Asks: 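Right, I'll just put the structure down here and ask away after.
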Amino acid sequence: MSDSLLPLRREMDERAALPVLLYFGTGILWLLAGTVLGVASSLKFNAPDWLGSVPALTFGRIRPAHLNAVMYGWASLAGAGCMVWLTSRLCQVPVQWRGCLIASAALWNAGLVYGVGSILLGYSAGVEWLEFPLAAVALIALAFLLYAASILRTFSLRKVDHVYVSLWYILASVVWFPLLYVVANLPIYSGVVHGVVNWWYAHNALAVWFTPVGLALAYYFIPKIIGRPLYSYYLSLLGFWTFALFYNWNGVHHLVGGPVPNWLQTISIIASVMMVIPVLAVAVNHHLTTLGNFRMLRTSLELRFIVFGAMSYTAVSFQVAMESLRSVQETLHFTHYTIGHAHLGVYGFLTMILFGAMYYITPRVARWDWPRPGWISAHFWLTAAGILIYVGATCWGGFLQGRALNNPAEPFTDVVELTRPYLLLRTISGVLIGAGHLIFAALFAQVLRRMGPRREEAVTP
Amino acid sequence: MMFIRLSVFFAGVLAALFLGWAALVGVPGVQIAAVPPQPDLRPYTFEQAHGRQVYIREGCMYCHSQQTRPQGFGADQPRRWGRPSVPGDYFYDQPHLLGTMRTGPDLLNIGARQSSRDWHLAHLYNPRTVTPQSLMPPFPWLFEERAAEPSETVVHGRFVANRDGLDLIEYLLSMNRTYPVR
C-alpha cells in the first residue's frame with residue numbers, strides 16, 4: 001500500500017461517513033424488524049392460532065411485510081451504503097452530492113414505513129414483491145434516483161483511468177433498477193400478463209440490483225483483503241456481459257406449468273441454464289483468488305463472511321439452473337424448496353457479503369474499531385449455522401412435500417403433516433439467525449457510541 | 001471498460017434490460033392481450049370483487065395458488081383440482097393471483113369442489129374445526145358476535161360473518177373454471 005494514498009482515503013472516508021452510517025444504521029433497524037417478522041411468520045406454521053385474533057399480525061400480512069422489510073429495507077439500504085463508499089474508493093474521489101444521499105436515506109425510510117405499514121394494515125397491492133402502494137413506490141423510486149445521481153456524479157469526477165469490474169455492476173444497477181421498478185409498478189396489467197410482469201420483476205430485482213451489489217462487493221473485497229489481484233480480468237468481463245444478457249430472461253421459470261405460453265416458459269428455462277456461464281466466470285474468479293489463502297479466513301472475519309457469501313452465490317446459482325428445468329419444477333414448484341432457495345440467495349449470498357463489507361467499512365468511516373472481535377465471530381457462526389439449517393430444512397422438506405403433492409394417492413392433509421418437522425426446524429434456525437443479528441446491531445451501536453478501547457491506529461483507511 | 005467507451009457500456013446495459021423486457025413482457029403481452037375472455041367466464045359481481053380484495057388483504061395468495069397444471073405434469077388432474085387453466089380464465093383478474101405456493105391446496109376451482117357456505121364459514125373462523133391438521137390462520141375478524149337473523153349461520157355458538165367474511169365466501173364460491181375451454 002502506498003502511503004501517499006492514506007490522506008486521500010482518510011478524506012474519502014470522512015466525507016462518506018454521514019450518508020454511509022445513515023444507510024447502515026437504518027438498514028440494521030429494518031434487518032431487526034424483518035427478522036422479527038420472519039421468525040413470527042415461521043412460528044405461525046408451528047402454532048397457527050398464536051396471535052390469531054390480531055388482523056395486522058396474520059400470516060398473510062407479516063410474511064409480505066417480512067419480504068419487503070428485508071429486501072427494500074435491510075438489503076437495499078445496507079447495499080446502498082456499501083455502494084456509496086465503494087464508488088468513492090474505486091474512483092478515488094470523495095462522495096459527491098451528499099445532500100442527495102441524506103435526502104435519499106430519509107425518503108427511502110419514509111417509503112418503507114408507509115409501505116410496510118400499509119401491508120400490515122391491509123392495504124397491500126397484492127402482488128408478490130410489489131405489495132407497496134403507489135405512494136410508497138414513488139418515495140422509494142425517488143430515493144433511489146437521488147442515490148443514483150450521487151453515484152453517477154462521483155463516478156464522473158473519477159481520478160482513475162481504469163474502471164474496475166465492481167464499478168461496472170454498480171453503474172449498471174443504478175440505471176437498471178429504477179427503470180425496472182417503475183415499469184413493473186405501473187398499474188396497467190391484468191390477468192396472465194400481470195403474472196408474467198410480476199415474475200419478470202421479482203427475478204430481475206435480484207438481477208439488476210441485489211446481485212450486482214453482492215458481486216461488486218465480492219469482486220472488491222476478496223482481492224483487497226487477501227492482497228493479490230483478481231485471478232482473471234478477462235473472465236470478469238465475460239461474466240458481466242453474459243450476466244447482463246441472460247439474467248433478464250429468467251423470470252418466467254416461476255410460472256412453469258402455469259397458464260403462460262409454452263415458448264415463454266422454454267426461453268426462461270434456457271436462459272436460466274445459460275446463467276451457468278456468468279456464474280462459472282464469477283466462481284472461478286472468486287474461488288481461485290481465494291485458493292491457497294484459506295488461512296486468512298481465520299484471521300480476517302470480514303473475509304470469512306464474504307467468502308461464505310461467494311460460495312453461496314455459486315451454490316444458489318447452480319441450484320437455479322437445475323431447478324428451472326421442467327422435470328425438476330414439476331416437483332419443486334409450489335413447495336418450501338423455493339423459500340429455501342430464495343434464502344440461500346438473499347441471505348447466504350447477499351446478506352453475508354453485506355455483513356462482511358459492513359464490518360470492513362463501518363470502523364473506517366466511523367473511525368472507531370469494533371470493540372469485541374469475539375462477538376463478530378459469534379455473529380458469523382450463529383448466522384452461518386442458522387442459514388445452513390434453514391436452507392437444508394426447507395429444501396429437503398420442500399422436496400419431500402413436492403413428491404407427496406405429485407402423488408395423487410397422498411391426501412393433502414398428509415402432505416401438510418409431512419412438512420411440520422421441517423417447518424419447526426426452520427423456526428429454530430430463524431432464532432439462531434436472529435441472535436446473530438442482535439449481536440451485530442449491538443456491535444454497530446457500540447461503534448457509534450465509541451465504546452471500548454480507542455484503537456484508531458488499528459483502522460487503516 | 002478499459003476496452004469500450006462509456007456510452008457503449010451504457011447502451012449495452014440498457015439493451016440487455018430492454019431485450020429481456022421485450023422477450024418476457026412485450027411479445028407475450030401482445031400475444032396474451034389478444035386472447036378474449038372464456039365465453040363462460042363471468043365478471044366479478046360487486047360482492048365477489050370486494051371478497052377478492054379481502055383475499056388480497058389477508059394474503060391468501062402466499063399459500064394458495066390459482067392455476068391448475070395439465071395432465072402428466074404434477075397431480076392436479078388426478079386430484080381433480082380442475083382442467084388445466086388457460087389465459088382466458090383470468091381475463092377479469094387485476095391484480096393477478098396466480099400464486100407460487102401450495103402450502104394449502106390450489107383454489108382456482110374451490111367453488112366447484114366445496115360449494116357449502118357453512119363449511120367455508122366454519123373453516124374461515126377457525127380452519128382446525130373442520131380440518132384438524134390445517135396450518136391455516138384463523139380469521140375471527142371476519143365475524144362478529146351478535147344475535148343472528150334466522151337466515152344467518154352461527155359459528156362457534158355465537159358468531160356470524162360480517163360483510164368482509166360474507167363477500168370473501170362469495171368470491172370463493174365464484175371460483176369455478178370447470179366450464180369447457182372454447
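Protein chains get the first letters and strands the later ones, always in sequence-line order, with residue 1 at the start of each. Just so it is clear, the model here is predicted, and its values are computed rather than measured.
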Asks: Does the ring center of B:F9 lie less than 6.0 Å from the ring center of A:F240?
Replies: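 When the ring centroids of B:F9 and A:F240 are compared, they turn out to be within the sub-6.0 Å range.
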Asks: Tell me, out of A:V415, A:T58, A:T338, A:V127, who's got the most heavy-atom pairs with chain B below 4.5 Å.
Replies: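 Greatest number of close heavy-atom pairs with chain B: A:T58.
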Asks: If we define contacts as heavy-atom pairs under 4.5 Å, which of A:P55, A:A244, A:S124 has the most with chain B?
Replies: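 Winner by heavy-atom pair count: A:P55.
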Asks: Identify the residue among B:L168, B:T153, B:I110, B:V130 that makes a side chain to side chain contact (heavy atoms under 4.5 Å, CB included) with B:H120.
Replies: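 The option that passes is B:I110.
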Asks: Evaluate salt bridge (charged side-chain N to carboxylate O under 4.0 Å, His left out) for B:R79 paired with B:D106, printing each intermediate quantity in order.
Replies: CA-CA 11 Å; B:R79 282 185 190 276; B:D106 186 87; over 6 Å; no
Asks: Chain B heavy atoms under 4.5 Å from A:L130: which part of the residue, side chain, backbone, both or neither?
Replies: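 No part of it gets close to chain B.
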Asks: Measuring heavy-atom distances to chain A, does B:S65 have an atom under 4.5 Å in its side chain, in its backbone, in both, or in neither?
Replies: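 Contact with chain A: side chain only.
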Asks: Take B:Y62 and A:R61 through the test side chain to side chain contact (heavy atoms under 4.5 Å, CB included) and record every step on the way to the result.
Replies: CA-CA 9 Å; B:Y62 299 106; A:R61 300 192 195 181; over 6 Å; no
Asks: Non-hydrogen atoms of chain B under 4.5 Å away: do they reach the side chain of A:I339, the backbone, both or neither?
Replies: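 For A:I339, the contact with chain B is made by the side chain alone.
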Asks: Could you check which of A:G251, A:A207, A:A271, A:G191 has the highest count of heavy-atom pairs closer than 4.5 Å to chain B?
Replies: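 Heavy-atom pair counts peak at A:G191.
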Asks: Is a donor on one side and an acceptor on the other found under 3.5 Å between the side chain of A:S268 and the backbone of A:W249?
Replies: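 Confirmed, A:S268 side chain pairs with A:W249 backbone.
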Asks: Identify which of B:G88, B:A16, B:P127, B:P70 forms the greatest number of heavy-atom pairs closer than 4.5 Å to chain A.
Replies: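 The answer is B:A16.
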Asks: Quick one: what part of A:L67 sits under 4.5 Å from any heavy atom of chain B, side chain, backbone, both or neither?
Replies: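 For A:L67, no heavy atom lies under 4.5 Å from chain B.
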Asks: Report yes or no: does A:Q329 contribute a side-chain atom to a donor-acceptor pair with the main-chain N or O of A:E323 at less than 3.5 Å?
Replies: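 Checking the backbone N and O of A:E323 against the side chain of A:Q329, a donor-acceptor pair under 3.5 Å is found.
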Asks: Which region of A:V54, side chain (C-beta onward) or backbone (N, CA, C, O), has a non-hydrogen atom less than 4.5 Å from a non-hydrogen atom of chain B, or is it both or neither?
Replies: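 The answer is the backbone of A:V54.
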Asks: What part of A:V256 gets closer than 4.5 Å to chain B, counting heavy atoms only: side chain, backbone, both or neither?
Replies: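 For A:V256, the contact with chain B is made by backbone and side chain together.
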Asks: Is A:E330 in contact with chain B via its backbone, its side chain, both, or neither, using a 4.5 Å heavy-atom distance?
Replies: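 Both parts, heavy atoms under 4.5 Å.
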Asks: B:R102, B:M136, B:R57, B:Q77: which one forms the most heavy-atom pairs within less than 4.5 Å of chain A?
Replies: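 Sorted descending by pairs with chain A, the first entry is B:R102.
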Asks: Which region of A:A404, side chain (C-beta onward) or backbone (N, CA, C, O), has a non-hydrogen atom less than 4.5 Å from a non-hydrogen atom of chain B, or is it both or neither?
Replies: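 For A:A404, the backbone is the part near chain B, not the side chain.
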Asks: Once ring pair (Phe, Tyr, Trp, His ring centres under 6.0 Å) is applied, do any residues pair with B:W119, and if so which ones, sequence neighbours excluded?
Replies: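 Partners of B:W119 by the ring pair (Phe, Tyr, Trp, His ring centres under 6.0 Å) criterion, ordered by chain and then number, come out as B:H123.
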Asks: What do the steps show when you test B:R158 against B:E144 for salt bridge (charged side-chain N to carboxylate O under 4.0 Å, His left out), and what is the final call?
Replies: CA-CA 8 Å; B:R158 53 207 168 96; B:E144 55 199 34; over 6 Å; no
Asks: So which part of A:E131 gets closer than 4.5 Å to some heavy atom of chain B, the side chain, the backbone, both or neither?
Replies: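 Looking at A:E131, just its side chain touches chain B.
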Asks: Do the side-chain N and O atoms of B:S174 and B:R52 include a donor-acceptor pair separated by under 3.5 angstrom?
Replies: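 Checked: B:S174/B:R52 side chains show no N/O donor-acceptor pair below 3.5 Å.
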Asks: Verify, without hydrogens or angle tests, whether A:K44 (side chain) and B:P137 (backbone) share a donor-acceptor contact under 3.5 angstrom.
Replies: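 No.
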Asks: Measure A:N204 against the heavy atoms of chain B and call it side chain, backbone, both or neither at under 4.5 Å.
Replies: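 The side chain, not the backbone.
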Asks: Could you have a look at B:W21, B:Y92, B:F91, B:Y55 and say which one has the most heavy-atom pairs with chain A under 4.5 angstrom?
Replies: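 If we count pairs closer than 4.5 Å to chain A, B:W21 comes out on top.
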Asks: If I measure from the heavy atoms of chain A, does B:N126 come under 4.5 Å with its side chain, its backbone, both, or neither?
Replies: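 Interface part for B:N126: side chain.
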Asks: Below 4.5 Å from any heavy atom of chain B, which atoms of A:N250 appear? Answer side chain, backbone, both or neither.
Replies: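 Backbone of A:N250 only, per the 4.5 Å heavy-atom cut-off to chain B.
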Asks: Who among A:Y247, A:F246, A:Y189, A:W241 has the most heavy-atom pairs with chain B under 4.5 Å?
Replies: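 Of the options given, most contacts go to A:W241.
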Asks: Looking at B:L135, B:D93, B:D89, which has the largest count of heavy-atom pairs under 4.5 Å with chain A?
Replies: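 It is B:L135.
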Asks: Parallel under 30°, tilted from 30 to 60°, perpendicular over 60°: which one fits the rings of B:Y125 and B:H156?
Replies: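 B:Y125 vs B:H156 ring planes: tilted.
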Asks: Do the two ring centres, one from A:H254 and one from A:H333, sit under 6.0 Å apart?
Replies: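 They do not qualify: ring centres at least 6.0 Å apart.
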Asks: Flag yes if more than 12 heavy atoms outside B:R113 fall under 6.0 Å of its CZ atom; otherwise flag no.
Replies: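 Yes.
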Asks: Do side-chain atoms of A:W168 reach the backbone of A:V163 as a donor and acceptor pair under 3.5 angstrom?
Replies: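 Answer holds: yes.
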Asks: Just by distance, with hydrogens left out, do A:N262 and A:R326 show a side-chain donor and acceptor under 3.5 Å apart?
Replies: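 Present: a donor and an acceptor within the cut-off.
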Asks: Taking the side chain from B:T68 and the backbone from B:S85, do they hold a donor-acceptor pair closer than 3.5 Å?
Replies: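 Confirmed, B:T68 side chain pairs with B:S85 backbone.
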Asks: For chain A, find which of B:I32, B:I56, B:T131 contributes the most heavy-atom pairs closer than 4.5 angstrom.
Replies: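 Most pairs with chain A among the choices: B:I32.
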Asks: Would you say the rings of A:H194 and A:Y201 are close, in the sense that their centroids are separated by under 6.0 Å?
Replies: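 Distance test on ring centres: not under 6.0 Å, no.
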Asks: With chain A, which of B:F139, B:W141, B:F10 has the greatest number of heavy-atom pairs at distances under 4.5 Å?
Replies: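 Looking at each option in turn, the highest pair count goes to B:W141.
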Asks: Tell me the residues of residues 175-182 of chain B whose non-hydrogen atoms fall below 4.5 Å from those of chain A, in number order.
Replies: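 Within residues 175-182 of chain B, no residue comes under 4.5 Å of chain A, counting heavy atoms only.
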